[in-house]
Amino acid sequence: MRYHFEFVRPWKTWFIVSGLLVILALGAFFIRGLNYGIDFTGGTQMNLRFTHPVTATAIKTVLTRDHIYGSTVVFVGKGSQNVLITTPTISEHERTALLSQLGSKVGHFHEISTSRVSSIIGRQTERTALIAVLLAIVAIIAYIAIRFEWRFALSGIIAMIHDVIITVGLIALIHIQITEYFIMAVLTIFGYSITDKIIVFDRIRENLPKKKKQDALEDLVNKSLNQVLVRSINTSTTVIIALLALLIFAGTSIRDFALTMLFGVIFGTYSSIFIASPIWLLWRKRDLSNKRKRTASA
Amino acid sequence: MRQKSMAKFFALVAVIIAALYYFLQVNPIAHHLRYGLDLKGGVTATYQAQPSPGQPVNKETMARAMSILGFRVNALGVSEPVIEQVGSNQITVDLPGVKNPEQALKFLGQTAILQIKSPSGHVLLSGGDLSSAKAGIAGGQYVVNLTFNAKGTTIFAAATKKYLGKPLPIYLNGKLVEAPVVRSVIPDGKAQLTGNFSSLKSAQKTALLLQSGALPVNLKVLDVRTVSATLGAASVVASKVAAVIAIALIGVIMVFWYRLAGFVADMALVIYLLLVVGALWAIHAVITVPGIAGLILSVGMAVDANVIIFSRIREEIINGKTPRASVAAGFRHAIRAILDSHVTTFVSSLILFFLGTGEVKGFALTLMIGTGVSLLTAVSVTGVVIRWVADAGWAKVRQIFVG
């Protein structure tokens, strides 16, 4: 071994760092809130590409004249030609009137896409995804408990939930608009994080039978983490590079997805080593000392 | 042994190159895979079924509503439409390449209830008694020619006999259209709806609605998403460029880290990609943006499997084992972790597939396929080829694995 890092003994430091991040994330989530898009709020969204640059003020003037309030006007990409107009739910008639007004008052445009969305679908997807995830978590806990032991299962799930909370909190903080794709990104993080924890735990599981009685459990975990470190760095680097490629080159909807994933991969890799493993270690040590106390008193 | 392993290795490289060449010639990604409307453009609508008088929303009425929608969609001449029930009371309709979505959706959800009543207002015949309805021209007017089925013909014959010389009013959607006076007994079950059709097209539309039958439940449009084909194409091109760059970078990095072993990983990844595309094509999967997300995760897992195998082999070599012993021991250790991580992900995606709705299903499907293929290629390609490499004696050079 050419290197040897001390991962588990300073666990208090990692727990404080993560605790602060979780508090920050929950704060962002509850105070700032998620920037729900029309998939969740319902409404009409029009993506228009004008032939000449236009101003948001000109568009907003038309919206106000048509008595359509509470709308947002956002420019997409470079220049000010491609516009995303989001309005509350309006009728087809109102929409046609608005478009002809925009054509005569603001400028000639090409309609790229229109969504008239009710909030029911998005909420439904969110709810069914949540139920499915809860069941998947139960299945994962059962599987890890059988193949490893139940303490690994619960430590892994706790760390995974930590990753998801921090990622969702960061998304709330930078206020990216939440579309249905966001649910997929969270599901992907969930999968990546659990996979990563299993790989790390596998090393501890493999080394456990080799442990001699006088060896400290901390040393065994530390050795395992050092062994798996190269793999963790290499794998997360490749995934991060792939995500950066998506972030730089792909379209807008994929870009938000890639950014969310990027946070998830970073925290998922971090928490396997710095959170999940120490939780397992502390838990196992406590159970062992309880058992010893019980045998001593008996 | 040594020559044989070398020969096998080069044979596999040749096969992969041939397969890649064939793949690029056929280009199934462009020509054979099916894409969702979020990628190729079109309109997706979701209808919410609401009970109409005397017709509750249940399995039977939903099935009837879906078959009627299917009939009408076909009449629109849309290619590759998708009509699916979502949950217990919603229906989604995918119409690729439809130009005027609002008009099309209005037509699809329309009800056309035909009723022929007795002079006293008693319903004698309804749309369900029709066997066909066709538009035509008669006496310089646009008409719909109605033909009743066997039961309808009998009733109609009896009615024309009973009410000879009296009017038989015809109602469409509860509105009186006309009340022709019966001039003779009609035994062949044929009638004509003259209405006031302004054009042949409007007569055709009514004929079609009558022909497809009345929707048993009311359909309310919940949700409409229109994506123009240009946006779809642009996002496909951008994503393709990103994917090609990402895959090329991963390939280069693997060779940089693991040298010859990295090249073996690249071979495994190429086979992985060919198999995944093949599987998606074979089951006629519809590729959507969430589906691509599932693929990205599974590519990550496939790369990870290779990284885990090589990291373990490298460790064994550093610990002083011979290359062949290292490959055997490293692979044995690695595969347990790979198996556990893949099974967990596979089980999770299975649950998501069966419980999730809409886009979650697409995500879960590609993830399931990707995870299965990843495990397969890790064992049968990386595991086998890396043994050939060790047997061929190349791995005697420690640098190959140690880097």
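Note that the coordinates shown come from a computational prediction; the quantities given were computed from them, not determined experimentally. A note on names: the letters A, B, ... follow the listed sequences, proteins ahead of strands, and every chain is numbered from 1.
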statement: Here the pair of heavy atoms bringing B:Arg336 nearest to A:Glu206 is NH2-CA, 4.0 Å

Validation row: B:Tyr258, A:Asn234 side chains within 4.5 angstrom (heavy atoms): yes

- request: Heavy-atom distances under 4.5 Å only: say whether B:Val86 touches chain A with side chain, backbone, both or neither.
  value: side chain

query: Where along residues 341-351 of chain B does a heavy atom come under 4.5 Å of chain A, listed by residue number?
result: B:Ser341, B:Val343, B:Thr344, B:Thr345, B:Val347, B:Ser348, B:Ile351

- request: Would you mind telling me which of A:Ile131, A:Thr44, A:Ile137, A:Leu187 has the largest number of heavy-atom pairs within less than 4.5 Å of chain B?
  value: A:Leu187

- prompt: Got a second to check how far B:Ile308's CD1 is from A:Thr235's OG1, nearest 0.5 Å?
  reply: 6.0 Å

- prompt: When heavy-atom pairs shorter than 4.5 Å are enumerated against chain A, which of B:Thr46, B:Asn319, B:Val303, B:Ile245 gives the highest number?
  reply: B:Ile245

- line: Residues at least two apart in sequence or cross-chain that pass side chain to side chain contact (heavy atoms under 4.5 Å, CB included) with A:Thr128, listed by chain then number, are B:Thr357

- prompt: By a 4.5 Å heavy-atom criterion (distance strictly below it), what part of A:Leu135 contacts chain B: side chain, backbone, both, or neither?
  reply: both

field: Heavy-atom pair with the smallest gap, counting every atom of B:Ala246 and A:Ala242
entry: CB-CA, 3.8 Å

- prompt: Rounded to the nearest 0.5 Å, what separation is found between the OG1 atom of A:Thr195 and the CD1 atom of B:Ile338?
  reply: 11.5 Å

field: Partners passing ring-ring contact (aromatic ring centres under 6.0 Å, His included) against A:Phe263 (at least two apart in sequence or in another chain)
entry: none

message: For a quick test of reading the model, state the closest non-hydrogen atom pair linking B:Leu339 to A:Arg147 and the distance between them.
response: CD2-NH2, 4.4 Å

task: Evaluate the side-chain proximity of B:Trp257 to A:Thr238: yes if any heavy-atom separation is below 4.5 Å, no if none is.
output: yes

- prompt: Is it the side chain or the backbone of A:Tyr192 that comes within 4.5 Å of chain B heavy atoms, both, or neither?
  reply: both

Minimum heavy-atom distance A:Ala132-B:Leu355, with the two atoms named: CB-CB, 3.8 Å

message: I'd like to know if A:Lys197 and B:Asp340 make a salt bridge, using a cut-off of under 4.0 Å between side-chain N and carboxylate O.
response: no

- prompt: Side chain, backbone, both or neither: which part of A:Phe201 has a heavy atom under 4.5 Å from chain B?
  reply: neither

task: Evaluate side-chain contact (heavy atoms from CB on, under 4.5 Å) for B:Ile292 paired with A:Phe257, printing each intermediate quantity in order.
output: CA-CA 11 Å; B:Ile292 293 174; A:Phe257 175 88; over 6 Å; no

statement: From the list A:Leu244, A:Ile198, A:Val200, A:Ile140, the residue making the most non-hydrogen contacts under 4.5 Å with chain B is A:Ile198

task: Please determine, among B:Asp304, B:Leu367, B:Ile247, the option with the most heavy-atom pairs under 4.5 Å with chain A.
output: B:Asp304

query: Which one of B:Gln48, B:Gln90, B:Met254, B:Met301 has the most heavy-atom pairs closer than 4.5 Å to chain A?
result: B:Gln90

field: Top contributor to chain A interface from B:Ile253, B:Thr44, B:Thr371 [non-hydrogen pairs under 4.5 Å]
entry: B:Ile253

message: Within the structure provided, determine whether A:Ile241 and B:Ile250 are in side-chain contact (heavy-atom separation under 4.5 Å).
response: no

message: Could you check whether any side-chain heavy atom of A:Arg203 comes within less than 4.5 Å of a side-chain heavy atom of B:Arg312, counting everything from C-beta outward?
response: yes

message: Please enumerate all residues that pass side chain to side chain contact (heavy atoms under 4.5 Å, CB included) together with A:Ala129, with sequence neighbours excluded.
response: A:Ile183, B:Val360

field: Partner chain A: residue of B:Leu222, B:Val43, B:Val307 with the largest heavy-atom pair count (under 4.5 Å)
entry: B:Leu222

query: Is the closest side-chain heavy-atom distance between B:Leu352 and A:Val133 below 4.5 Å?
result: yes

